[in-house]
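Nothing here was measured: the structure is a model prediction, and the numbers come from that model.
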Amino acid sequence: MTQPAPSAQHHGPEKGTVPGPAAAPPSKQGGGPRALGLRVDVRNLSLLGVLAVLIAVGGITEPDAFLDTGNLQLILTQSSVIGVVTVGVTFVIISGGIDLSVGAMVALASVWATTLATQEYGFAGILFTAVVVGLAAGLVNGLLISYGGMVPFIATLAMLASARGLALQITDGKTQIVTVQSVLDLGLPDSYVLGIPPLVLVFAAVTVAGWLILNRTTFGRRTVAVGGNAEAARLAGIDVRRQRLYLYLLSGLCCGIAAFMLVILSGSGQNTNGNLYELDAIAAAIIGGTLLSGGRGTIVGSVLGVLVFTTITNIFALNNLQSDVQQIAKGAIIVAAVLVQRRTLRGGET
């Protein structure tokens with residue numbers, strides 16, 4: 001009689017092995033990738049609904065001003081700078097980390113790129129300096145966290161203070177005016193492509209690239225794996241420390257790009273640039289469905305979160321409402337988003 005295959009006789013994991021996802025019992029409530037995808041789609045649709053309601057409110061309260069083409073271009077342009085930062089922050093949070101230094105890195109990159117010495121090299125010199133400074137700051141964060149063993153909160157908080165201080169030292173508290181005309185021209189209506197500002201096109205390109213990296217590459221899958229369970233990812237052969245280093249480099253790169261965009265938008269470099277960008281980026285990622293604990297998040301959701309916050313700010317400004325009311329509204333949205341996340345996770349666990 002033929003003996004059954006060894007796999008048929010095996011009724012449990014071997015001693016010393018780590019059971020994989022297949023060892024978990026199937027969810028009775030229809031869990032799994034399809035259910036997760038459905039929840040993500042519902043969240044994105046909900047954010048689109050919120051955005052539509054905000055547009056309606058803006059159109060009703062200030063129809064002439066809000067629906068003006070120039071104002072809509074302004075909303076998209078203002079969303080672009082913080083949006084690029086948010087893409088990088090989303091990757092970091094999905095991996096289970098946090099980056100509190102993005103606003104300070106934007107400030108440092110913008111002032112370093114607008115010094116008189118840098119401007120002598122023209123457009124290429126400003127762009128190159130902004131990107132390199134962002135990458136360098138991200139590298140420091142990555143090394144401290146990945147190989148220095150520092151907690152991300154502490155390491156990036158230290159970078160926040162250091163980068164702000166260095167930016168203040170470079171500028172001596174003064175505004176550095178950009179004199180390179182080719183840089184300033186990108187902020188003028190004559191440079192718009194089919195009515196779309198160049199900064200919005202850059203934001204769209206970064207968003208598409210971020211989506212492809214997260215959803216269509218091994219790098220993206222490793223990012224999710226590290227955020228979901230770093231130890232399991234290590235046992236699966238992923239170099240967790242190197243992956244985290246790359247992620248903070250990516251965040252720094254996004255900050256460098258955003259700094260150059262901010263220089264175009266403002267025509268100057270200031271040590272106050274990027275103020276509170278870290279809070280806005282993290283908040284946008286959260287309401288977009290990215291878990292602070294890591295392991296889940298979407299680029300599309302984060303971008304929608306940015307658009308929601310920017311639209312709220314624009315509506316409040318057009319209606320001459322005080323900034324403190326605006327901050328209260330943003331805080332309420334963040335709390336509501338976190339409560340929805342918790343409810344969603346509990347529903348998936350039942």
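Between Asn273 atom CG and Arg164 atom CZ the span is 8.0 Å, to the nearest 0.5 Å. Here the straight-line distance linking atom OG of Ser80 with atom CG of Leu265 works out to 9.0 Å at 0.5 Å rounding. For the atom pair CD1 of Ile282 and CG of Leu292, the computed distance is 7.5 Å after rounding to the nearest 0.5 Å. Once rounded to the nearest 0.5 Å, the distance linking CZ of Arg296 with CD1 of Ile93 reads 13.0 Å. Rounding to the nearest 0.5 Å gives a distance of 12.0 Å between OG1 of Thr218 and CD1 of Ile213. For the atom pair CG of Asn141 and CE of Met105, the computed distance is 5.5 Å after rounding to the nearest 0.5 Å.
Counting only heavy atoms from C-beta outward, the side chains of Tyr192 and Pro198 approach each other to under 4.5 Å. Within the 4.5 Å cutoff, the side chain of Leu127 has no heavy atoms near those of the Val183 side chain. Counting heavy atoms from C-beta outward, Arg241 and Leu245 have side chains that stay 4.5 Å or more apart. Looking at Val133 and Phe128, their side chains never come closer than 4.5 Å, going by heavy atoms from C-beta outward. Using a 4.5 Å heavy-atom cutoff, the side chains of Leu184 and Ile264 are not in contact. The shortest distance between side-chain heavy atoms of Tyr248 and Pro152 falls below 4.5 Å.
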Could you walk me through whether Trp211 and Asn215 pass side chain to side chain contact (heavy atoms under 4.5 Å, CB included), step by step?
-> CA-CA 6 Å; Trp211 186 89; Asn215 297 281; 3.3 Å; yes
Worked check of side chain to side chain contact (heavy atoms under 4.5 Å, CB included) between Val87 and Ile299 | CA-CA 6 Å; Val87 170; Ile299 299 298; 4.2 Å; yes
Could you please spell out the steps behind the side chain to side chain contact (heavy atoms under 4.5 Å, CB included) verdict for Cys254 and Val85?
-> CA-CA 5 Å; Cys254 289; Val85 174; 5.7 Å; no
Go through Ile315 and Asn319 one step at a time and tell me if the side chain to side chain contact (heavy atoms under 4.5 Å, CB included) criterion holds.
-> CA-CA 6 Å; Ile315 292 174; Asn319 286 275; 3.5 Å; yes
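The two residues Ser251 and Asp99 have their closest heavy-atom pair at OG-OD2, 2.9 Å. The two atoms that bring Met261 and Leu199 nearest to each other are CE-O, 3.4 Å, heavy atoms only. Closest non-hydrogen pair, Phe309 versus Ile287, comes out as CE1-CD1, 4.0 Å. Of all non-hydrogen atoms in Arg244 and Ala230, the two that sit nearest each other are NH2-CB, 3.6 Å. In this structure, Gln243 and Val226 approach most closely via the heavy-atom pair CG-CG2, 4.1 Å.
Taking the centre of each ring, Phe260 and Phe123 come in below the 6.0 Å mark.
Screening Asn271, Leu116, Val263, Ile170 against Gln176 for a side chain to side chain contact (heavy atoms under 4.5 Å, CB included) leaves a single residue, Ile170. Considering Thr156, Ile154, Leu279 as possible partners of Leu100, the one that fulfils the side chain to side chain contact (heavy atoms under 4.5 Å, CB included) test is Thr156.
With hydrophobic clusters built from ILVMFWY side chains whose heavy atoms lie under 4.5 angstrom apart, Tyr147 does not share a cluster with Val240. Placement of Leu108 and Val131 in two distinct hydrophobic clusters is found when ILVMFWY residues are connected by side-chain heavy-atom separations under 4.5 Å, directly or transitively.
Distance alone, capped at 3.5 Å, places no donor-acceptor pair between the Gln270 side chain and the Lys174 backbone.
In this structure, a donor-acceptor pair under 3.5 Å is present between the side chains of Gln181 and Asp185.
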